[in-house]
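These notes are about the structure you will find just below.
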Amino acid sequence: MPKAKSVAHPARGVARPSRPALGTRRAFLASGLSAGVLASLTTEARAANAVGEVTPGPAPKPYRSPTLVERITYYPTDEEMNLFNTLGHNGYIDYHLNYTAIQDTECDMLLQAYPQLIMSPIDLANSDGAVVQAAFESATLLRAVKSKRQLYEKMVEFWTDHFNIHYAQVGFYKLMDDRDAIRPHALGKFKDLLMASAKSPAMIIYLNNNTNRLGAPNQNYTREVYELHCLGVDNGYTQQDIAEGARCFTGWNYDSRTLVNNLPNPLFGTFRFISGNHDQGTKTVLGNFFAANGGLTDGERLIDILANHPNTARFIVTKLWRWFIGNEPTTAQVSAIAQVFTNTQGDIKEVVRAVLNRANFVGAKMKFKRPFHMVASIMRSANVATSNWATIAGTHLQLMGHRPFQWAPPDGYPDKESYWSGLILPRWNFAFSLMNGNVNSTTVDINATFSSSTVRTTFVNAVINKMRQAHLGDGAIKLLMNYKKTATLTTIDRQEIVALAFANTDFQRY
Amino acid sequence: MKNETGCNEYKLLTSRRDVLKGATVAGVIASIAPAWLPRVAYASSENTARDIIVSIYLRGGCDGLTMCVPYGDPAYATRRNQTRILPPGGSPNEAVDLDGFFGLPKGLQALKPIYDQGDFLIVHATGSPSSNRSHFDAQYYMEVGEPGNKLTGTGWLGRHLAMTAPTDLNAVLRAMSFSSGLALTITGGSKTLPIPDPTNYNLSGQSGTRAARLNALVQQYSTDEILNLVARDTQQTISLLASIGFSTYAPAGGAVYATDSLARSLRSTAALVRANVGVEAFHIDYGGWDTHSEQGVVSGSMFTTMSRMANALNAFYTDLKAAGFMNKVTVVIVSEFGRTVRENGSFGTDHGHGNVIMMMGENVIGGRVFSRGGSASPLNAFWPGLADGQLYQNQDIHVTTDFRDVLGELVSKRLSNPNVAQIFPNYAGTFYGLVDA
């Protein structure tokens with residue numbers, strides 16, 4: 001019999017001191033206030049909160065409507081604006097969806113600095129892990145900034161979060177996942193993307209399918225493929241479906257053998273179905289009966305069922321809407337585009353085309369740039385030149401909480417202003433460090449990009465004009481114009497003014 | 001007020017202080033709380049002294065059966081193999097006995113001296129009634145204090161801060177999370193920021209223009225409906241943290257903090273607590289608990305995670321106790337759910353249900369493991385049990401004490417906030433005498 005629990009706790013050796021008065025705390029008076037006094041206190045308090053010029057009354061609404069170009073690129077450069085103006089809304093979308101036809105010579109050349117991107121698994125395994133990681137992070141940011149296939153890169157980012165994998169837990173396998181699962185299908189068919197992700201060694205390691213075997217099931221991947229990748233949480237599946245689904249994926253593994261029969265294994269690092277680990281019994285998953293001895297086809301069939309499930313269509317459409325449009329879609333809007341998903345067997349291009357319909361931008365609200373986006377937009381808008389992408393993608397984005405592939409849980413980096421907006425300081429710091437020349441091997445040619453003038457009004461107008469696609473409002477313009485009061489500007493002044501063009505509220509949104 | 005260079009932020013502080021000096025609680029709340037919150041007016045005799053809360057969230061669902069081992073339950077030994085902790089009795093890596101039924105794993109033994117002081121409490125078989133085993137939902141529900149509600153965007157502690165006046169009217173920072181994104185637990189109140197590293201929180205660039213640039217930005221941000229407060233709070237917090245002297249901080253009582261992230265965060269917390277600058281709530285996330293495979297309870301992954309946690313808490317306790325602050329602070333440690341009673345085939349455990357909640361501080365009635373029995377365990381008046389027929393959904397520990405009973409009592413007694421019903425909506429709690437009144 002367990003020892004009976006007494007209510008009283010064991011005697012403690014030390015008598016606790018009485019609570020001392022805390023000198024700096026103030027006692028509160030509590031008396032009601034008349035409504036008038038209350039209102040005046042509120043106004044005074046609010047006025048005193050404003051720094052500098054006092055702005056009494058309600059704050060002016062600073063927002064505008066988002067544009068297509070800023071939503072499907074990492075910043076509307078002049079080149080992108082020319083394309084848009086030439087092709088029109090639908091033509092511009094067509095152009096970007098047809099991404100393989102877009103020549104990407106400059107980006108391809110720059111990526112040659114990172115041979116790791118095309119290394120075989122065994123070569124990656126034998127490389128210095130830190131070097132591989134730095135190359136991969138660099139290439140990810142470089143592509144967002146330099147690639148002409150901007151919408152494609154936005155989709156890669158979207159799916160990277162959707163099928164999140166934490167680099168620290170899988171190492172170079174995530175580079176392979178990006179290359180072999182995400183990128184080939186980011187604008188392809190959802191079912192192909194899902195299958196490639198399911199069979200990706202990185203995903204198999206990250207969500208433990210590699211330890212999921214007959215008699216010892218591990219439900220981690222199964223739960224997340226239902227909850228996060230396809231159906232949405234508790235949206236058409238039960239705990240039993242998770243248990244049965246996990247049995248389908250038993251034996252799904254990756255080949256970690258560097259040698260087979262004393263010879264280098266050409267299949268090292270690739271998907272490997274270990275049939276001896278597979279639960280060959282009958283199963284019932286999501287209302288579907290699986291006969292015995294299905295082998296590899298059990299998991300493949302389950303992936304197919306998930307890809308074609310109506311809840312999946314709605315779930316993916318809703319996420320894509322939030323990604324591109326921003327506000328919550330109505331049930332009708334989701335249904336209409338989910339129908340496109342179903343009719344096209346999950347053709348991501350057609351779904352994206354439907355989401356980006358011009359009508360959907362009416363009433364769309366501004367979105368808050370996540371740090372990766374903000375950095376990419378700075379680099380595009382100011383023609384930033386760097387030979388050290390790694391320091392920006394690694395160190396600086398880490399300070400902003402958005403280093404690529406470092407989100408640990410499977411739900412991916414959030415995309416909400418309420419999550420990101422509290423950490424405004426590192427964004428300001430990146431802007432100032434960049435413009436002061438304190439980001440390693442990274443430069444902005446102020447003269448060529450903005451203006452060589454040292455006359456304040458001339459210079460500031462040039463900055464505002466160069467940054468016109470950022471749609472800086474009156475407040476931001478005043479900030480740039482009035483930060484310095486002198487008629488002429490020093491070099492530091494000019495650097496800081498450009499930095500302020502990145503640090504203001506309008507540049508944080510798109 | 002003209003936008004002058006130099007010490008404008010200090011002028012700002014002074015003028016606001018002047019305004020608030022004469023203000024009452026109601027007036028202060030009116031100026032800082034969102035319109036949708038009910039105004040709370042305290043009776044003049046109300047004791048508004050409050051503990052500083054250090055909220056630690058163990059992300060991933062920590063295995064409560066390992067954190068506090070019910071070695072006295074005969075079924076325990078049949079459920080765990082590689083993840084089993086042996087009972088006290090002469091073997092290495094055995095449990096450290098607490099009360100003859102429960103024990104601590106060796107990984108947490110640094111908590112034992114605090115337990116013996118009566119300042120460490122473990123509540124077992126607690127958690128959310130929701131059967132949801134999704135990390136994201138379960139974490140969300142626990143942080144917002146309302147299982148099932150996905151629409152509220154504020155945390156239980158954030159709501160407490162939003163509906164109360166600051167304990168220190170001069171405080172420029174009332175709550176912070178050691179993270180890049182603001183922790184949900186403390187979302188809702190004003191003067192609340194995510195600060196990944198308070199020892200490194202300043203504006204870069206030319207030192208001579210630092211103040212001017214900050215002022216200019218805060219001015220531009222002041223007309224933004226959402227970002228204006230963030231900018232203001234950031235500016236004021238930069239000044240605040242610069243005055244703390246983290247690099248020369250000397251822990252009291254000979255406490256030594258390790259260099260892992262939890263220890264560093266607790267060290268910074270201790271420095272801010274001892275500086276008496278009015279921060280009321282700290283939130284720290286500590287992950288690595290989602291042990292689906294190779295759990296490693298006596299060596300390996302979970303052992304390391306537990307050791308770091310216990311050592312960091314021990315250092316924090318030693319430091320603040322010697323400095324005379326452990327009666328002003330209550331640490332509360334939660335996790336979204338426990339883990340399956342049965343070990344899985346990968347020498348790990350999967351998502352479960354009932355778990356532990358831990359609390360530390362002089363105002364905690366500690367030195368014991370508190371848990372209540374389950375309806376299926378008439379023999380165990382204080383523990384739901386791990387035998388067949390005693391499990392939740394045939395796989396987990398039952399929840400016999402709702403987490404809102406634990407946190408609600410904390411709010412009511414240690415935060416002097418009687419409005420527990422607004423902190424934990426749609427729930428009528430029971431207090432079990434876990435903390436001092």
Side-chain angles (χ1 to χ4, degrees), chain A residues 2-3 5 9-10 12 14 16-17 19 24-26 28-33 38 41-42 44-45 48-55 59-60 62 208 211 215-216 218-220 227 233 401 408-409 411 418-425 428-429 432-433 436 475-476 479 483 492 496 503-505, chain B residues 1 3 12 15-16 19 23-27 30-31 41-44 48 72 100-101 117-118 134-137 165 167-169 180-182 193-194 203-206 209 215-225 227 230 232 234 276 287 292-293 327 344-346 350 362 365 367-368 382:
Chain A
K3 182 171 97 174
K5 297 286 286 183
H9 46 79
R12 276 160 282 160
V14 178
R16 291 170 303 165
R19 176 179 277 275
T24 58
R25 290 188 178 184
R26 299 196 178 185
F28 281 92
L29 309 170
S31 62
L33 280 180
L38 226 124
L41 265 182
T42 307
E44 274 182 62
N49 285 340
V51 183
E53 319 268 310
V54 169
T55 321
N208 309 124
T211 63
N218 186 300
Q219 301 175 356
N220 204 6
E227 178 178 330
V233 65
D411 58 343
S418 58
Y419 177 82
W420 292 108
S421 60
L423 194 63
I424 207 80
L425 184 59
W428 294 348
N429 285 345
F432 291 115
S433 295
N436 287 154
L479 167 69
Y483 167 61
I492 300 281
E496 292 179 346
N504 67 77
T505 56
Chain B
M1 217 169 36
N3 184 8
L12 164 69
S15 72
R16 192 170 58 82
V19 166
T24 66
V25 167
S31 71
Y42 287 97
S44 51
T48 55
F101 184 87
Q117 285 287 307
S134 151
H135 287 300
F136 320 103
D137 278 8
T167 53
D168 182 344
L169 285 173
S180 307
L182 185 63
L193 286 177
L203 189 70
S204 304
Q206 302 291 312
T209 59
N215 284 337
L217 282 168
V218 174
Q219 159 75 8
Q220 196 270 318
Y221 275 61
S222 70
T223 58
D224 190 290
E225 286 179 347
L227 297 174
V230 167
R232 179 202 66 183
T234 297
N276 245 333
H292 283 281
S293 63
N327 60 348
N344 68 25
S346 316
D350 297 305
E362 288 179 33
I365 305 177
R368 60 187 174 139
F382 61 91

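Worth saying up front: this structure is predicted, and the values here are computed from it rather than measured. Numbered from 1 within each chain, the chains take letters A, B, ... in sequence-line order. Keep in mind that the numbers below use all heavy atoms, side chains included, and drop hydrogens, waters and symmetry copies.
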* Sub-3.5 Å donor-acceptor pair from the side chain of A:Thr505 to the main-chain atoms of B:Asp224, do we have one? -> no
* Report the option among B:Asp350, B:Asn344, B:Leu193, B:Thr209 that has the most heavy-atom pairs separated by less than 4.5 Å from atoms of chain A. => B:Thr209
* Which bit of B:Ser134 is near chain A, if near means a heavy-atom gap under 4.5 Å: side chain, backbone, both or neither? -> both
* chain B heavy atoms under 4.5 Å from A:Tyr483: which part of the residue, side chain, backbone, both or neither? -> side chain
* Taking all atoms of both residues into account, what is the closest heavy-atom pair of B:Ser346 and A:Asn218, and its distance? -> OG-ND2, 3.9 Å
* To do: Evaluate the criterion side chain to side chain contact (heavy atoms under 4.5 Å, CB included) for residue pair B:Phe136 and A:Val233; output intermediate values, then yes/no.
  => CA-CA 9 Å; B:Phe136 320 103; A:Val233 65; over 6 Å; no
* Structure fact -> Highest number of heavy-atom pairs under 4.5 Å with chain A among B:Leu182, B:Asp137, B:Leu217 belongs to B:Leu217
* To do: Pick one of side chain, backbone, both or neither for B:Leu203, based on which atoms fall under 4.5 Å of a heavy atom in chain A.
  => both
* Selection from A:Asn436, A:Leu425, A:Ile492 maximising heavy-atom pairs under 4.5 Å formed with chain B -> A:Leu425
* **Which residues share a salt bridge (charged side-chain N to carboxylate O under 4.0 Å, His left out) with A:Glu227, sequence neighbours left out** => none
* **Exercise: identify the closest heavy-atom pair between B:Leu227 and A:Ser421** => CD2-CB, 3.6 Å
* To do: Please test B:Gln219 against A:Leu479 for side chain to side chain contact (heavy atoms under 4.5 Å, CB included), starting from the C-alpha separation and ending with a verdict.
  => CA-CA 8 Å; B:Gln219 159 75 8; A:Leu479 167 69; over 6 Å; no
* Minimum-distance pair of heavy atoms, taken over all atoms of A:Asn208 and B:Ser293 -> ND2-OG, 3.9 Å
* Between CH2 of A:Trp420 and OG of B:Ser180, what distance do you get to the nearest 0.5 Å? -> 6.5 Å
